[in-house]
Amino acid sequence: MAALLRSARLLKCSPAALLQVFGNSRHVPAAGRLYSEAVGTTRAGLCVQTVPGRLNVNRGLVKDEPSVAVRSKQAQQFDWALAKLDSSVRRTGRVTKTLLLRIFHDICRTGYPSGNQALLLLRSCGSLLPEVPLAERIELSQQIWDKLQELGTTYDVSHYNALLKTYLQNEFRFSPTDFLTKMESANVQPNRVTYQRLIAAYCEVGDIEGASTILGFMKSKDLPITEAVFNSLVTGHARAGDMDSAEGILSVMKGAGIEPGPDTYLSLLNVYAEKGDIAKIKQTLETVENADILLMDRDLMQVVFSLTKASHQQHVPEIVEHMRHERGYVPDAMNLCLSLITHGHEETAFSVLKSFTGLLVESQTSDSPDLGNFFLRHCANMDKPVENIVGFCKDLKDSGLHSSPLQFTLQCALEAKKTGMAVELMRSMKEEGLPLRPHYFCPLFTHYQKDKNIPGTLQALRAMQELGVASDVDTFSIYILPSFPSVDSARTSLKEAGIDVDGNILIAAELRTEASRGNLAGLFSLMSSPALPNIDLSAFRASLISGFRGLFAGLQYFCCSGPTEAPFVYLYDSINVFIESRKCQIGSSLLFAENVAYFLYNLIDSLNETEVHSKEEQIREYFGLLKNMNISISLNIFRGIRNILESYQVPELVKSPFKTIRQYLCIHKLERALELKTQYETDMTPAAYATLINLCCRHDNAEEALKLKMELARKDSDAALDAQKYVALVRVLSKHGKLEEAIDMLKEMKEKDVQLRDSTIGLLTLTMNTAAMKGDANTIRRLQETIFTLGLAKPSSNLCSPLIACYLESENYAGAFDATVEVQKQYNQMPKIHDLICGLVEKGDAELLQKVMEFLSQERGEMMMLYDLYFAFLQTGRYKEARKIIETPGLRARPTRLQWFAEKCIAAQQMEPLENMVDMTVKLFECDRDDMYHYLLRLCKETNDWQKAEATWMKMQEENLAPRERTLRLLADILKNNDKEVPFEVCVQPIPFQSSFCLLSATDHIPGFSLSDNANNLLIISQVKRCQMKDAMGTLKGMLQADQVPTQLAITRLVQGLASEGNSQDIQEAEALVKTLGSIKLSSMLFVNNTALAHIKNEDIDSAVELLESFYIQNTENQKSSISFVFRKVLDANNDAVLDKLSAMAERLCNHFASYRAATDLFLIYLDTGRTEEAKFLLQVPHSIFIPVQAAKIKALSELIPDFTEKENIFSHLVKCYGLDKDFSSAKALYERMQAEGVKADELTLKRLALLYKEAGETVPFEEPPESFRFYADKLNKQRSESMEPANN
């Protein structure tokens, strides 16, 4: 083919003539949302950007085949990466370069990236990156291609097609001939999609001859010509200057039997836009509208982009007016703005922004609008002129769209390390009279500090002074002084640069710097100087505390290796520093005492028993020193120290005829069984009667069954049948016209409390379906009414469907509709609605169909109604009408509804409606295209249709879709089962492990035999269950040596098993081994909690407490790490001694380290286990904070404190919980209680209640607050903060 293209210049061939031959191909839809052409790119590209460097598309190098474990991990990682990218696209319509690179690097870390992962990355390097310049996108795609090739990825034709698409979307100039040559040298054969995209490449530069050559080749191969080819030719002729031929392509398409679709008209609109022919654009839009063809807003945005790139932006407003603002409009319009900015058209981008800000204003929930943030950030990132940016900011602020645009843009410039832009923006802010804060310069100083860039630091400091911004102590101590080798060198540099600094600020910063570095001797020297001015202690208090905490680490070191008196000398000097600091400012006594107590406790705790005995005299001397200094410590810390010392002083410190009847019953001989029953009637038991009644029901003998039931009632009125026999009796009685007797059986079930299971409920449905087949609607209604009124079963679609089916059987659609309305009103169910609509569509009863649609719209909403109608049109073969429905503006994907219809088609093996649904949903907002093709391939496998599966694979490539591993495996299975070549690489699926534990254990004795990773994971779990912990550890180590990946469950069970044996050493070893894996998601507290439990198992309670306490002390900011597991285990074991120590630890953490998570965990465990007295006691801990997050726990808490005065808080939290749970009945009851008790609800609570009332369809019994949720939340927070200020003061 490459050689053929080289001779293309010798040919003079008309593509129109070639196209006349083809016409048997159906319309192929455009690309899906995730990997489609995003707004702001041309449909293909070839002639704009040229990136230096060679085109490298060689086939991947062959490396050692990765293990099954790695392949399995690849599949999981692909799903994770796809979910990340898909989430980004669903939210914003784009991906960021940062996210893409992060996923790329994560994939590369495995060492064996799969072909599917490569496909996903390549397809993300095009129009999904509107914030990235075209040249960077190409560079990124080439980087990904080369790196994955280096790591051994095998490239197939789908990868080359994806690379072609990337080239086209990024307007990259390349040689189609060279591209084909590279494919041929890699032994990869092009397919139809390859040729389509090469035609697009030729057409982008107006090379009709090259396109004609490929068309001729496709003809010789009998490859179908799709709409995509015609669309490219429209562009090709237009760019070759032949507009008549471009317009004539539409006639050629119709002659070939292909109706021009939205994409064809979009191609025509784009070429008119490039010419600036607004008259033709308007004419084409009118033609499209009259032809009942839907152009989406995203399509019109392509026209806006084409107009702007061709310098015809004056026509943009006329195109914007045609947009309908359908669902997904805002993210698409934002992406159009980003693309325009990237291409240097920020003025047009701003006009587009102003056109949709009205939609954004409606979604604003704050009093401080911030519309246009994305626009301002991208302008800053792309280094747009500051005067332009300032103009945009002024316009946004004057329009009331943004409260602080200049400040936000300044933040963006600082984050992007654009010093010049930041300074200019601050000048503009000063001119506007806006305040300039010292912290605005912090990002610049941080950047310079990291690089030790002293000139940059001085330049930023000089800019501060020029702008009149005073530098404070924080700026100097945190950002400026650390950039210099020493304080003296900083002074010298500042003086040489002519920068004046307040002497007191510099001294205070020096004090803070020395304190934070832990240089207490130097700090003491500074503070002892007579020249030291009067400095407020608050200026360096936090740094002083940090320095003392650093000192503690030094104390521990000295205790272990230094001279015995060193810790006390250090601590004595530090106390002197504290005493000197108290001279600076009165009021620091609390800080002083608390920190000394903290140091003392940890010092004693760090000593072992031998060290305590050897240093007993020094400890006593130190206590005397503290006494002489009038230093006191809190009672809790005193108790802790006392307990430690006491433990060291005590060395030892450290769970018939009846049988014959049964024989006949078993062989279903009813007559003989009845004879024997009569013969031995006096010996009949209730069980025998029940069995005999059931046999009568099986033989459809209603008279005898009823007679036996009456006999049983006379003999034993308390005897009850089981649910299945009762329902069988109901069924046979109702079938034979004994409706009242059947209803009596249902009533008896209720009286005798016979519970129905799912299987017996299914029999009830079957009973009513029998009546439906006979057209007996009265029997069905009576049975339904009795079942639901008695509460034997809740109304369900299955139980309600027989009534509608009764009318549908006789094609009485009016009666079916009346029955549907009846069932909906009585039982809130709507069964058989699909069958009803299909019947009306086939019958053509438009009037009744309209009534049904109005009813559905009222009851289930317009969107659900449209789906019901859409599925009916598909089911009945009305595909044109179905397409109109699914293209309704604003309609979005409903995965559960689409899955329902797909499963229905698969079960009935209906390929045509399913295939049409897949085709029609290509542009449906948020439609998961992989799911759609997976349904199609499942049906292909059911019908063993490998040709359809192969065509489906081609369509997936045309959509530029990156399928999941499950989809590729399914397609590969279909092709392999039909002895066809699989045109792509498939990851090996691990074989499920079925063997027994004995077989697993025996594998060690089989030379050369090794288990898969799944088998080894199951072996670890089995060994743990058998308490073979040593063997389990050995299995784990063997897995890691064999490059296998243990599962989260296997590791968790192993660690828990080690804890149950008290083996903390092996837990630590397991933790070290698992850290080498990195990617396994384990609980962050798995090893901490189980190590603590191991210590408890060994009766080393102090070590457990020390471990947990130190964890929370070192992670005071992390309040999410829970030790509920430890508390639960201790409570289950009734170990009160351990519980007391853990409770004391939780109290210490609350009082001294403001760490409340442990206390919260214990409190909630107490509530869950019903230990209310302990929970009450824990509530008395001062300063503790508990955050119950469930309504039940809040109620339990309120019961613990019945006299709690702030009921408003409890009630507001309960309303919030009910809102999250959608529990309207509880919320309504709570509101009535609030009214009765006279509790006034705040506006936010009323807003939440109003929403629940409206969602439940009830009238709101109070006046709903008019503002947004955010408004009242901010107002409430402000009120609370203001109420706290007097207490703080």
Side-chain angles (χ1 to χ4, degrees), residues 29-48 89 93-94 126-130 134 165 168-171 200 203-204 227-228 230-236 238-239 246 260-278 280-282 284-285 287-289 293-313 315-326 328-343 345 348-349 351-353 355-356 887 889 922-923 925 959-960:
R33 180 171 181 80
L34 179 54
Y35 291 108
S36 65
E37 293 166 358
V39 172
T41 61
T42 52
R43 298 186 58 75
L46 187 64
C47 56
V48 176
V89 173
R94 61 185 179 275
S127 53
L128 286 176
L129 295 170
L134 301 181
K165 186 72 172 179
L168 294 171
Q169 288 183 343
N170 295 329
E171 304 175 8
C203 287
E204 282 301 311
E227 184 185 6
F230 289 103
N231 298 343
S232 297
L233 290 173
V234 170
T235 303
R239 292 192 174 167
D263 291 331
T264 305
Y265 283 103
L266 179 57
S267 297
L268 197 57
L269 286 168
N270 276 323
V271 297
Y272 288 146
E274 291 173 5
K275 305 286 184 185
D277 193 341
I278 190 64
K280 283 286 189 179
I281 291 176
K282 290 180 178 179
T284 305
L285 288 174
T287 302
V288 167
E289 188 175 348
I293 294 173
L294 178 68
L295 281 177
M296 301 176 71
D297 286 347
R298 300 180 76 234
D299 300 326
L300 295 177
M301 289 178 195
Q302 288 277 5
V303 180
V304 169
F305 189 77
S306 298
L307 281 168
T308 307
K309 282 191 66 180
S311 301
H312 303 299
Q313 55 266 30
H315 301 307
V316 166
E318 297 179 68
I319 305 300
V320 172
E321 288 176 2
H322 282 80
M323 296 183 187
R324 294 182 300 272
H325 297 174
E326 58 203 17
Y329 171 81
V330 170
D332 286 339
M334 291 170 67
N335 291 331
L336 172 60
C337 291
L338 293 172
S339 294
L340 288 170
I341 295 169
T342 303
H343 285 78
H345 304 289
T348 306
S351 68
V352 173
L353 170 67
S355 72
F356 70 87
E887 291 178 349
V922 67
K923 287 188 177 182
F925 185 68
E959 280 197 31
N960 219 26

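Computed from a predicted model, the values in this text were never measured in an experiment.
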Colleague: For the residue pair P262 and L294, establish whether any side-chain heavy-atom pair is separated by less than 4.5 Å.
Modeller: no
Colleague: If you measure from CZ on F230 to CG on D263, what distance do you get to the nearest 0.5 Å?
Modeller: 14.0 Å
Colleague: Would you say Q302's side chain and L266's backbone share a donor-acceptor pair under 3.5 angstrom?
Modeller: no
Colleague: From K280 NZ over to K275 NZ, what is the distance, rounded to the nearest 0.5 angstrom?
Modeller: 12.5 Å
Colleague: Testing the basics here: between E274 and A310, what is the closest heavy-atom pair and its distance to 0.1 Å?
Modeller: O-CB, 3.6 Å
Colleague: Answer yes or no: is there a side-chain heavy-atom contact under 4.5 Å between T308 and V316?
Modeller: yes
Colleague: Start with the C-alpha gap between F305 and K309, add the side-chain angles, then the distance that decides, and say whether side-chain contact (heavy atoms from CB on, under 4.5 Å) holds.
Modeller: CA-CA 6 Å; F305 189 77; K309 282 191 66 180; 3.0 Å; yes
Colleague: Which atom pair, heavy atoms only, marks the closest approach of L269 to V303?
Modeller: CB-CG2, 3.8 Å
Colleague: Indicate yes or no: at least one non-hydrogen side-chain atom of L134 is less than 4.5 angstrom from one of H343.
Modeller: yes
Colleague: So which atom in T348 and which in Q313 form the shortest heavy-atom distance, rounded to 0.1 Å?
Modeller: OG1-CB, 3.5 Å
Colleague: Using the rule side-chain contact (heavy atoms from CB on, under 4.5 Å), only one of L285, D299, I293 pairs with Y265; which is it?
Modeller: I293
Colleague: Between M323 and D332, is a side-chain contact (heavy atoms from CB on, under 4.5 Å) present by the stated rule, with each step listed?
Modeller: CA-CA 12 Å; M323 296 183 187; D332 286 339; over 6 Å; no
Colleague: Could you tell me whether the side chain of N335 and the main chain of G93 form a donor-acceptor pair under 3.5 Å?
Modeller: yes
Colleague: Could you check K282 against Y272 for side-chain contact (heavy atoms from CB on, under 4.5 Å), going step by step and ending with a plain yes or no?
Modeller: CA-CA 10 Å; K282 290 180 178 179; Y272 288 146; over 6 Å; no
Colleague: So, for H325 and D297, which heavy atoms are closest and what is the spacing to 0.1 Å?
Modeller: N-OD2, 2.8 Å
Colleague: Can you tell me how far apart CD1 (I278) and NE2 (H312) are? Round to the nearest 0.5 Å.
Modeller: 10.5 Å
Colleague: Is the closest side-chain heavy-atom distance between H315 and I281 below 4.5 Å?
Modeller: no
Colleague: Dump the intermediate steps for side-chain contact (heavy atoms from CB on, under 4.5 Å) on L300 and R324, then the final yes or no.
Modeller: CA-CA 10 Å; L300 295 177; R324 294 182 300 272; 5.8 Å; no
Colleague: What's the spacing between R94 CZ and S127 OG if we round to 0.5 Å?
Modeller: 13.0 Å
Colleague: Other residues, nucleotides and ligands only: do more than 12 of their heavy atoms fall within 6.0 Å of CD on E318?
Modeller: yes
Colleague: Using 0.5 Å steps for rounding, measure from the CD atom of E204 to the CZ atom of R239.
Modeller: 4.0 Å
Colleague: Give, for atom CE of M301 and atom CD1 of I319, the distance between the pair rounded to the nearest 0.5 Å.
Modeller: 12.5 Å
Colleague: Grab the two heavy atoms, one from T342 and one from P130, that are nearest each other, plus how far apart they are.
Modeller: OG1-O, 2.7 Å
Colleague: Looking at every heavy atom in both V271 and L268, which two are closest together, and how far apart are they?
Modeller: CG2-O, 3.0 Å
